[in-house]
Amino acid sequence: MARERLYLFDTTLRDGAQTNGVDFTLADKLAISRMLDDLGIDYVEAGYPGANPIDTAFFAEKRSAHAKITAFGMTRRPGRSASNDPGLAALLAAEADAICFVAKSWDYHVRVALETTDEENLASIRDSVRAAKAIGREVLLDCEHFFDGYKANPAYALACAKAAYDEGARWVVLCDTNGGTLPHEVGKIVGEICEQIPGDHVGIHAHNDTEQAVANTFAAVRAGARQIQGTLNGLGERCGNANLVSIIPTLKLKPDFSEKFDIGVSDEALGHIARVSHALDDLLNRAADRHAPYVGESAFATKAGIHASAIMKEPKTYEHVAPELVGNKRKLLVSDQSGRSNLLVELDRIGFAVDKDDPRLSRLLDEVKEREAIGYAYEAADASFELLARRLLGKVPRYFEVEKFDVNVEQRVNAKGERVTVSQAVVKVKVGDELLISAGEGNGPVNALDVALRKDLGKYQGYITGLELTDYRVRILNAGTEAVTRVLIESEDETGDRWTTIGVSPNIIDASFQALMDSIVYKLLKSGAPA
Ligand SMILES: [Zn+2]
């Protein structure tokens with residue numbers, strides 16, 4: 001049976017940009033639209049031309065190779081003609097392949113928010129669709145508050161959707177703007193609409209206010225809708241939009257969908273989706289969600305010792321899909337609960353063949369347990385675990401030695417009379433026979449230490465230029481009688497690989513230093529730097 005085409009519409013740059021604390025620059029927008037284009041998204045909704053300088057600049061030229069760049073805006077204002085509405089004019093002037101109009105479809109909103117009549121609202125929809133079609137744009141209509149509107153007055157909500165469809169709109173998109181509709185309601189209502197408007201002209205736009213945006217999306221698809229709107233990582237105001245990073249793998253990997261539908265995302269592109277998801281978080285300068293389905297660091301992580309050997313023998317028994325398909329990795333957690341089999345499997349994964357009776361294995365297990373008792377948490381710090389294992393079982397070259405470091409925090413009044421705190425660090429490093437001294441300044445002592453440490457590593461400098469610290473987490477633990485500080489540092493390099501290192505000490509600078517050192521040494525090791 002021929003598969004039906006399902007279309008993906010991304011609104012990270014429009015609805016996602018409504019998120020509290022998110023402020024995309026033009027460069028951000030261009031980078032994200034390029035990623036979406038490469039991923040195989042059909043429509044990229046990029047913002048409101050004419051509404052602000054960034055969006056206007058974005059829509060000043062053609063921005064994609066394949067995806068249809070979509071401009072978003074209101075239908076003509078009530079009481080005006082289409083040719084006499086500056087907002088509509090900006091929308092029509094945008095360098096866009098498609099225009100997505102938003103219109104009220106709940107009669108209550110038409111009266112209260114728009115302060116106009118039901119009939120004038122329908123006329124505004126028809127006029128706007130006609131104006132955009134006349135200049136050759138593909139047209140979409142976002143029916144705002146569609147599900148609430150349909151529950152209150154089904155005939156009017158349907159009339160809004162029909163007005164756009166009959167006028168030639170390619171898509172009528174049913175929006176659950178408040179995000180409060182439940183999957184069984186979405187299924188029922190979308191089913192009823194698809195009896196009036198062919199499903200291959202119907203889209204779904206779901207919000208996550210009951211944490212069912214993804215479920216609502218699939219309910220709509222099963223009921224006949226053939227366009228899915230969503231955002232990367234579910235970005236969006238309040239609780240977010242439907243998460244395309246969860247939806248795409250499900251469409252591609254679950255037979256209920258993959259046997260019925262084709263989407264524009266290739267198998268190869270699917271293999272990059274974890275990286276796309278992380279790249280968005282990097283742009284937003286926030287840590288990736290470890291527990292994100294498919295792409296999170298923990299999505300394929302198992303802790304229990306009894307499962308470890310079974311997983312290696314037959315991964316399928318414990319994994320709903322293969323992690324490689326979405327660019328993720330299987331992970332076995334090493335923790336104080338772990339037994340030998342877990343440890344063996346983890347060693348095997350990092351390239352050590354150790355016999356299960358090897359006495360070094362007991363030493364490593366003891367060492368892990370001892371360290372975990374004083375606050376280390378190796379299950380959260382894969383790279384530090386690997387270094388520990390290599391040091392004990394194999395060899396980690398002594399690339400360099402920090403002979404001494406000095407960190408200094410000073411609070412003073414600057415020339416403008418403001419009270420400022422400045423941190424400086426000086427690091428003395430020995431690389432071979434070379435003694436290097438570097439100083440760094442930072443917004444805090446750890447930052448200053450990091451800057452100084454990575455400023456000059458002599459012959460190794462070239463290996464660490466792509467190294468970036470992406471997250472820094474501190475926790476105070478009560479181990480025994482004394483409080484100790486645990487620092488976890490997440491790093492990333494130019495290849496997109498990520499790893500986490502750990503440091504524990506009563507002193508936060510010392511704990512941070514351990515984690516920084518592990519990160520650098522790990523990077524040198526993985527880059528094959530010569531000893
Ligand atoms: Zn929305």
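Below, each value reflects all heavy atoms present in this structure, side chains not excepted, and no hydrogens, waters or symmetry copies. Each ligand, and each atom within it, is numbered from 1 in the order the structure gives.
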Undergrad: Can you sort out the partners of Y294 under ring-ring contact (aromatic ring centres under 6.0 Å, His included), two or more places apart, ordered by chain and number?
TA: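 Checked Y294 against ring-ring contact (aromatic ring centres under 6.0 Å, His included); matches are H320.
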Undergrad: Between Y165 and Q196, does any side-chain donor sit less than 3.5 Å from a side-chain acceptor?
TA: no
Undergrad: E195: which residues meet the salt bridge (charged side-chain N to carboxylate O under 4.0 Å, His left out) condition with it, sequence neighbours left out?
TA: none
Undergrad: Answer yes if the ring centres of W171 and Y7 are under 6.0 angstrom apart, and no otherwise.
TA: yes
Undergrad: Listing residue and atom name, which protein N/O/S atoms are closer to the Zn ion (ligand 1) than 2.8 Å?
TA: D15 OD2, H205 NE2, H207 NE2
Undergrad: Which residues satisfy the ring-ring contact (aromatic ring centres under 6.0 Å, His included) test with F58, sequence neighbours excluded?
TA: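 Here no residue qualifies.
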Undergrad: Would you call E95-K62 a salt bridge at under 4.0 Å N-O?
TA: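 Salt bridge flag = no for K62 with E95.
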